[in-house]
Colleague: 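Here you go, one structure.
Here the structure is a predicted model, which is why all the values come from computation and not from measurement. Computed from heavy atoms alone, side chains included, the values below leave out hydrogens, waters and symmetry copies.
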Amino acid sequence: MKKVALGLLVAAVLVLAGGQLWLATRSDESGFPRPRRTRAPVLERRAPALRPATLRVENVALGKSRVRVAQAITALKEIGLWRRLTRHLYIVRVGSRPGVTDVPDDRHLADAYLWGQIDEKGAGGVCDIMLYPRAIKDDLERAALFHAQGLADVPPSLEHFWAAVVAHELAHCLPHRNESGFPRLAPEPTAEKWEQRALARLQV
């Protein structure tokens, strides 16, 4: 009886822990020449060792961003990167904070968070992405200025850049562990490689 009670208690704790934040990072890398700023994970905890049956995609972006997120996801599917970036996940949730006042002080483009969630539909990892549309727009404008000055190649289109930023953030949620074996977000160099891979395929 004690073993049964203990098992029920553990299950209850896991259910209550559903949706608890366990990893987070930020990104402001777009591949264009500007001061490089990175963010290390702010919190690390063990994720549930459960695999999702199917992926759920939640596009909760606001305004025009909702359409751009949908286009970015479609583009990543068309170039064959979506499945590779999400096959280990239970949920991908993408939101946005439009407007100048919601742009972070350091002007980074997006935040990526990795959760472990258990609910009535299943269990697994949740890659929660927050995009800052104004920062993305400003970054492309800087890239255009660099190009005009002969300092950079032609910047990508707005649609391609959004897809590359989403790929970058999804790459942060790829399975990765630190030297102690604890799960953590994939580091910035990994995310940059996937961002550049997406741009290269999109601009063919």
Side-chain angles (χ1 to χ4, degrees), residues 6-27 39-62 65-97 108-132 162-178 180-195 197-198 201:
L6 179 60
L8 291 175
L9 177 60
V10 171
V13 169
L14 287 174
V15 171
L16 290 174
Q20 185 176 23
L21 174 65
W22 61 279
L23 292 175
T25 192
R26 291 179 174 179
S27 167
R39 292 290 182 273
V42 299
L43 186 62
E44 295 188 1
R45 294 183 184 177
R46 290 189 179 276
L50 297 171
R51 286 294 186 90
T54 57
L55 175 69
R56 285 163 47 190
V57 179
E58 300 177 2
N59 181 355
V60 293
L62 303 174
S65 299
R66 185 178 181 86
V67 175
R68 288 174 180 150
V69 167
Q71 291 173 338
I73 291 173
T74 298
L76 292 177
K77 289 179 178 178
E78 290 176 348
I79 61 175
L81 297 185
W82 176 258
R83 174 63 179 165
R84 295 173 65 183
L85 288 166
T86 64
R87 58 190 170 193
H88 60 292
L89 296 170
Y90 173 39
I91 298 172
V92 171
R93 182 181 298 117
V94 187
S96 67
R97 290 182 183 171
H108 66 270
L109 309 183
D111 290 326
Y113 302 89
L114 187 58
W115 307 65
Q117 180 167 314
I118 300 174
D119 59 29
E120 71 281 357
K121 295 181 180 180
V126 182
C127 186
D128 202 341
I129 297 170
M130 181 59 66
L131 302 169
Y132 303 103
W162 271 72
V165 172
V166 172
H168 182 115
E169 298 308 318
L170 286 171
H172 276 305
C173 293
L174 287 170
H176 192 79
R177 293 182 179 274
N178 62 19
S180 300
F182 284 88
R184 56 163 293 181
L185 288 172
E188 200 66 20
T190 297
E192 290 173 6
K193 288 180 181 178
W194 282 94
E195 175 186 329
R197 188 175 297 167
R201 296 191 183 189

Colleague: Answer yes or no: is there a donor N or O on one side and an acceptor on the other, between the side chain of Asn59 and the main chain of Ala61, under 3.5 Å?
Modeller: yes
Colleague: Looking at side-chain heavy atoms only, is the closest gap between Cys127 and Leu170 below 4.5 Å?
Modeller: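 Touching, per the 4.5 Å side-chain cut-off.
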Colleague: Rounded to the nearest 0.5 Å, how far does CG of Leu81 lie from CZ of Arg201?
Modeller: 4.5 Å
Colleague: Atom NE2 of His172 and atom CG of Leu174: how far apart are they, to the nearest 0.5 Å?
Modeller: 10.0 Å
Colleague: Taking the side chain as every heavy atom from C-beta outward, state whether Leu131 and Trp162 have any pair of such atoms under 4.5 Å apart.
Modeller: yes
Colleague: Given side chains that start at C-beta, do those of Val126 and Tyr113 come closer than 4.5 Å, heavy atoms only?
Modeller: no
Colleague: With rounding to the nearest 0.5 Å, note down the distance linking CG in Asp111 to CZ in Arg97.
Modeller: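 Answer rounded to 0.5 Å: 7.5 Å.
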Colleague: What pair of heavy atoms forms the shortest contact from Ala171 to Ala191, and how long is it?
Modeller: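 For Ala171 and Ala191, the tightest heavy-atom pair comes out as CB-CA, 3.7 Å.
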Colleague: For a quick test of reading the model, state the closest non-hydrogen atom pair linking Ala198 to Ala167 and the distance between them.
Modeller: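 Shortest heavy-atom separation between Ala198 and Ala167 comes out as CB-CB, 4.0 Å.
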Colleague: Hey, are the side chains of Arg84 and Trp194 touching, using non-hydrogen atoms and a 4.5 Å cut-off?
Modeller: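 The answer is yes; the side chains approach within 4.5 Å.
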Colleague: What's the separation between atom OG1 in Thr54 and atom CD1 in Ile91, rounded to the nearest 0.5 Å?
Modeller: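 Going from the OG1 atom of Thr54 to the CD1 atom of Ile91 covers 9.5 Å.
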Colleague: Could you tell me whether the side chain of Leu114 reaches within less than 4.5 Å of the side chain of Leu89, counting heavy atoms only?
Modeller: yes
Colleague: Please examine the side chains of Glu169 and Glu195, heavy atoms only from C-beta on, and report whether any two atoms are closer than 4.5 Å.
Modeller: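 A side-chain contact is absent here, since even the closest heavy-atom pair is not under 4.5 Å.
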Colleague: Looking only at atom types and distance, does a side-chain atom of His88 sit under 3.5 Å from a main-chain N or O of Cys173, one as donor and one as acceptor?
Modeller: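 Confirmed, His88 side chain pairs with Cys173 backbone.
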Colleague: What closest approach, in Å, do Val60 and Arg66 show between heavy atoms, and which atom pair accounts for it?
Modeller: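 So the two residues come closest at CA-NH1, 4.0 Å.
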Colleague: Distance from Ile73 atom CD1 to Arg68 atom CZ, nearest 0.5 Å?
Modeller: 15.0 Å
